[in-house]
Amino acid sequence: MAVIHHTTLKPTKLELLTSWLPSRPWYGGADRPELAKAGGFRLDDPQGAVGIEFMVVTDTSGTHPAGYLVPLTYRGAPLDGAEHALVGTMEHGVLGRRWAYDGCHDPVLVAQLSALLEGRVQAQDQNTTDAPDREVTHSYTGAAPLSTGFGGTATDDREGTELAAPQGITLRLHRVLRPVPDGRSLPAQDTTGHLAGAWRLPDGTRARGLFATLHTSRPA
């Protein structure tokens, strides 16, 4: 169980993301984002070594406000071979130096996300120790277990990030979040699984939408 420390971070997470987000192909705001924390959840690392957070931020720097899903991992030492995925480093008031990574490139986050989609673990509140987040929903209807792993490279495009698994399953993280109108079914019909959650819009209202979807390749 991850322990949430309410302490100082220098720089803050939002400060790190302000510098990092404009380098992403799915980011559509200005060169200098205007960010606010809008939601998210955490997952526990079974080994207790890696912090796992799915953060939602809203950005009001562009023509229209936008919401982004940013999975992050926090480590006490650099992750070998993941220099390209480093968001930045920060000083934690309790834990000391922490290396923050784009979690789509961190095997610990990907393994726990797979477990969440299968229902083997539960999403945790972003700010409270040992408190499940009931707003996060998930499903998986595929025949093969996801525990075989998404071992390939995470690939970014203009809407999100994709990871492929050996059994023909593609996991797509929706980095640019789209609120689902009331009354519309969630998720789409052609998915093998999904992850959904809620976040706060810049005007203070609540939105709900897909964080991730799973798709299975059809035989040729």
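Please read all numbers here as calculations on a predicted model, not as lab measurements.
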Do R32 and P22 come close enough that some side-chain heavy atom pair is under 4.5 Å? no
Just by modelled atom types, is the E135 backbone N or O under 3.5 Å from a matching donor or acceptor in the D133 side chain? yes
Could you tell me whether E91 and R97 make a salt bridge, using a distance below 4.0 angstrom between a side-chain N and a carboxylate O? yes
Taking the six-membered ring for Trp, are H194 and H138 closer than 6.0 Å centroid to centroid? no
Any non-hydrogen side-chain atom of P65 less than 4.5 Å from a side-chain atom of L201? no
Does R42 pair with D125 as a salt bridge, N-O distance under 4.0 Å? no
Say you draw a straight line from CH2 of W199 to CZ of R208; how long is it, rounded to the nearest 0.5 Å? 9.0 Å
Tell me whether R206 at atom CZ has more than 12 heavy atoms from other residues, nucleotides or ligands lying less than 6.0 Å away. yes
Interatomic spacing from NE2 in H105 to CG in L79 - rounded to 0.5 Å: 11.0 Å
Between T216 and T192, does a side chain to side chain donor-acceptor pair (under 3.5 Å) hold up when you go through it step by step? CA-CA 6 Å; T216 304; T192 303; 2.7 Å; yes
Could you tell me whether the side chain of R175 and the main chain of D156 form a donor-acceptor pair under 3.5 Å? no
pair E53-Q126: side-chain heavy atoms closer than 4.5 Å: yes
V57 side chain reached by L17 side chain, heavy atoms, under 4.5 Å: yes
Determine whether F54 and L72 make a side-chain contact, defined as any pair of heavy atoms from C-beta on separated by less than 4.5 Å. no
Find out whether T155 and T161 are in side-chain contact, i.e. whether some heavy atom of one side chain is under 4.5 Å from a heavy atom of the other. no
Reported CG-to-CG distance for the pair L214 and L113, which is rounded to 0.5 angstrom: 8.0 Å
Side chain to side chain contact (heavy atoms under 4.5 Å, CB included) evaluation trace for H215 with T213: CA-CA 7 Å; H215 301 267; T213 48; 3.3 Å; yes
Counting only heavy atoms not in H84, do more than 12 fall under 6.0 Å of its NE2? yes
What's the verdict on side chain to side chain contact (heavy atoms under 4.5 Å, CB included) for S139 and E118, showing C-alpha distance, side-chain angles and the deciding distance? CA-CA 6 Å; S139 72; E118 286 189 312; over 6 Å; no
Atom CG of L9 and atom OH of Y74: how far apart are they, to the nearest 0.5 Å? 8.0 Å
Go through L117 and L171 one step at a time and tell me if the side chain to side chain contact (heavy atoms under 4.5 Å, CB included) criterion holds. CA-CA 10 Å; L117 287 162; L171 170 60; 4.0 Å; yes
Yes or no on side chain to side chain contact (heavy atoms under 4.5 Å, CB included) for M55 and K13, after CA distance, side-chain angles and deciding distance? CA-CA 10 Å; M55 183 182 292; K13 296 173 187 177; 3.5 Å; yes
Working for salt bridge (charged side-chain N to carboxylate O under 4.0 Å, His left out), residues D106 and R75: CA-CA 10 Å; D106 192 318; R75 289 175 168 267; 2.8 Å; yes
Would you indicate whether the side-chain heavy atoms of E15 and T12 approach each other to under 4.5 Å? yes
Counting C-beta onward and ignoring hydrogens, is there a side-chain heavy-atom pair between Y101 and P78 closer than 4.5 Å? yes
Less than 4.0 angstrom from a charged side-chain N to a carboxylate O is my criterion; do R172 and E162 meet it? yes
Restricting to non-hydrogen atoms, name the atom on S61 and the atom on Y27 that form the minimum distance, rounded to 0.1 Å. OG-OH, 3.3 Å
Could you pull out the closest heavy-atom pair between T73 and G103, with the gap in Å? CG2-CA, 4.2 Å
Check ion pair D157-R24 (N to O, under 4.0 angstrom): no
Classify the ring geometry between W26 and Y68 as parallel (under 30°), tilted (30 to 60°) or perpendicular (over 60°). tilted
Separation between OG1 of T89 and CG of L16, rounded to the nearest 0.5 Å: 7.5 Å
Value rounded to 0.5 Å, distance of OG1 in T170 from CG in L163: 9.0 Å
